[in-house]
Amino acid sequence: MSSSVEAITVLSSDGDEFKITVSAAKLSKPLNWMLEDVCFSDDCDEVPTIEVNSKTLVKVIEYCEKHAPRANSGASDSDAEELKKWDIEFMKMDVKDILFHILMAANYLHMEGLYDLACQTAADLMKGMTVSQIRKIFHIKNDFSSEEQEQLRRQHPGCSFD
Amino acid sequence: MKRIAVAGNMPFLPEEIIRYILMRLPVKTLIRSRFVCKHWENLIRTPSFISEHLHHYRTHQSPSLLLQRRYNLRLLDCKMKIHKVHIAPVIGSANTFQIVGSSNGLLCVNVYRYPVYCPCPSLLLWNPATREVRQLPPITPNTKGADLPFQLPPDRRGVYLPFRIGFGFSPVINDYKVVITYHDATVITNDYDFPFEVLLVVVYSLSSGSWKKVEFGIKNVGLDEQSVTVNGIMFWPGFGRNPDTHTYYFATVSFDIANEVFTLTPTPTPDWSTSTSRLTMYEKKLALLSFFATQDSEYLIELWVMEDGSGASWAKKYSSCLIPRVVRPEMTIWMNQIVCDPGEKEHYKEQKIILLNISTNELKAFNISKYGRGNGSGSIYYHAESLVPIGGKKL
């Protein structure tokens, strides 16, 4: 295969096809390996699958395409400012529905920038939440016995289990 | 077919990711998060998480400034937002306090009864974020030596000995220490008594929970207030006296927290009689702010940075334009600006601190509402909130 390949096609876990440009795929090590496989293997008919659902993969690719020019060539301060603003808008999403999926995807695709951004977004959301709201979004059950709850309450007056 | 990682329908976030999210939370939210479930409660208490959290804070944001004027404490964060620090720990018959050191979210506080001058510091360690307080064992001249392997030396003039306090952390031994130096009071200027000649040094270690005596080993040296700890070495501004010529020179006294050895190093400052200096930190190195008179009503500030840990090489990084005169200000350098709490009368009524940008030379006053009057007794410390436990009680 020649280096003239500009985009590769991948499948989501739902079986949908997505195109990702070579420069964007470089933001993720595993995607980059996959790209090399596609470029250098003799059998190019096979479309690789990424075990990320379609809804999440759309967002991940959108992030990659936006960040690719800067990651590959460096950027001026004004570009960095613009990108920061874009990140904030990009992260305005539902936690349960998509943010946690993005977190998982960024972790497994070794995308440091997106992983940091998604973790910070989750942390910022938690700052304004009650304990029960936090449990709800993380799907966690309150497993303290009533004695343990009492003990913790004594240690932290003013805090609540709700 | 190539397959990478698996993500199911509803992600159950692995611990690695949970940790990474929790690490970014302020202490207040983390304390609330301990109530979520047992697993989180355990995780947030582990020493490795506590140090990761502190490390993340320190590498991702500038520390806040902790400002004290009399009974008022304020936290100025890196977004220039002011926060009140609500509970000031005052115990027993004490009615006021003075912050004497700040490290990894812990404060060392001297509590005393005003206006009675206290001969010996009564010290607390305090983590304002977790509200934990630990009282250090008292040191009093009357202590019969039951807990103390030393006696305080008597003062020849029948007054209490002046003392200086330092507080810092050493990553080498992973321990916090408090140092008190007791001095002979010698009048060396017309303005004020300067504590000269160290007579006794006592050191408290948080891990051992007790005081012990340490050799000072340096003659002809006096220490000024407010020590600074950089990479496990505590530094005091001070000056030395040349016994042959009876002249004085500016110096720093350093104390290696790990091996408990004191060292004296001259500092590159102008004539000691016309200037005031403060130690601080600049780009993670020890820095010296020297403030001295050029004419009657104008002053100049210089910033010097210690280029290596030995104290042998100092480099001048900045010299300010002429600025209006203030007397014995508290100073530090923070986010590329010199922060100064002036001691001068005209300024202290205004409840303002002064910020001098060292890139642009822009000088501006910053208002801190209800901060109270200063009288030269203010103090400024760096402060990064943390979960660091001190084995004390909750306030």
Side-chain angles (χ1 to χ4, degrees), chain A residues 10-11 13 28 30-31 33-34 37-38 46-53 56 96 100-110 115-116 118-124 126-132 134-135 138-145 148-149 152-162, chain B residues 1-45 49 52-53 56-57 59-61 79 86-87 127 129-133 385 387 389 391-395:
Chain A
V10 293
L11 286 178
S13 59
S28 153
L31 276 181
W33 293 329
M34 188 181 285
D37 278 2
V38 172
E46 198 178 18
V47 179
T49 299
I50 299 174
E51 286 292 338
V52 171
N53 66 32
T56 310
K96 256 196 308 189
F100 283 1
H101 286 274
I102 297 235
L103 261 173
M104 297 286 281
N107 186 26
Y108 289 122
L109 291 171
H110 297 224
Y115 187 47
D116 277 350
C119 281
Q120 190 59 51
T121 307
D124 289 343
M126 283 175 69
K127 286 179 199 167
M129 285 182 177
T130 64
V131 173
S132 20
I134 294 173
R135 270 190 214 117
F138 282 90
H139 283 251
I140 292 173
K141 278 206 167 64
N142 178 3
D143 57 355
F144 289 108
S145 69
E148 287 165 336
Q149 295 202 19
L152 255 185
R153 253 198 220 102
R154 271 201 304 273
Q155 282 173 20
H156 300 282
C159 279
S160 148
F161 282 85
D162 303 318
Chain B
M1 189 195 280
K2 286 274 168 193
R3 284 187 173 251
I4 341 173
V6 178
N9 280 335
M10 179 55 222
F12 164 76
L13 296 180
E15 169 157 337
E16 184 198 342
I17 298 184
I18 299 277
R19 258 182 114 95
Y20 222 66
I21 297 172
L22 295 182
M23 219 160 73
R24 288 147 200 275
L25 291 173
V27 172
K28 197 177 146 193
T29 316
L30 275 176
I31 289 173
R32 198 185 321 138
S33 300
R34 288 180 62 176
F35 288 68
V36 167
C37 65
K38 280 189 195 177
H39 182 65
W40 283 29
E41 209 271 326
N42 274 321
L43 174 68
I44 293 166
R45 270 192 296 131
F49 178 79
E52 270 168 37
H53 176 257
H56 186 269
Y57 183 107
T59 44
H60 286 80
Q61 67 184 93
K79 290 170 185 147
H86 285 289
I87 307 159
N127 183 333
T130 62
R131 302 165 79 183
E132 198 184 359
V133 173
E385 64 162 29
L387 285 162
K393 287 180 187 155
K394 290 280 166 198
L395 267 183

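Below, all heavy atoms of this structure are taken into account, side chains as well, without hydrogens, waters or symmetry copies. Order of the sequence lines sets the chain letters (A, B, ...), proteins ahead of strands, with each chain counted from 1. Please read these numbers as outputs of a predicted model, since none were measured by experiment.
For Gln120(A), the side-chain hydrogen bond (donor to acceptor under 3.5 Å, both in side chains) partners are Asp124(A), Arg24(B), not counting sequence neighbours. Among residues two or more places apart in sequence or in another chain, the ring pair (Phe, Tyr, Trp, His ring centres under 6.0 Å) test is passed with His56(B) by His60(B).
Note that CZ of Arg19(B) and SG of Cys119(A) are 13.0 Å apart. Values are rounded to the nearest 0.5 Å. Separating the CG atom in Asn107(A) from the CD1 atom in Ile17(B) is a distance of 4.0 Å, to the nearest 0.5 Å. With rounding to the nearest 0.5 angstrom, the CD1 atom of Ile21(B) is 7.0 Å from the CE atom of Met126(A).
Using a 4.5 Å cut-off on side-chain heavy atoms (C-beta onward), Asp143(A) and His39(B) make no contact. Residues Glu41(B) and Glu148(A) have side chains not in contact (no heavy-atom distance under 4.5 Å, counting atoms from C-beta outward).
Using a 30° and 60° split on the angle between ring planes, Trp40(B) and Phe138(A) fall in the perpendicular class, above 60°.
Annotation: maximal heavy-atom pairing with chain A below 4.5 Å, among Val36(B), Ile18(B), Thr29(B), occurs at Val36(B). Each of Leu103(A), Thr56(A), Thr130(A) has some count of heavy-atom pairs under 4.5 Å with chain B, and the biggest count is that of Leu103(A).
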I would like to know whether Gln155(A) and Arg34(B) meet side chain to side chain contact (heavy atoms under 4.5 Å, CB included); could you show each step before the answer? CA-CA 11 Å; Gln155(A) 282 173 20; Arg34(B) 288 180 62 176; 3.5 Å; yes
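In this structure, the portions of Leu152(A) lying under 4.5 Å from any heavy atom of chain B include both its backbone and its side chain. In this structure, chain B has a heavy atom under 4.5 Å from the side chain of Ile140(A), while its backbone stays farther away.
The two residues Tyr108(A) and Pro14(B) make their nearest non-hydrogen contact at OH-CG, 4.4 Å.
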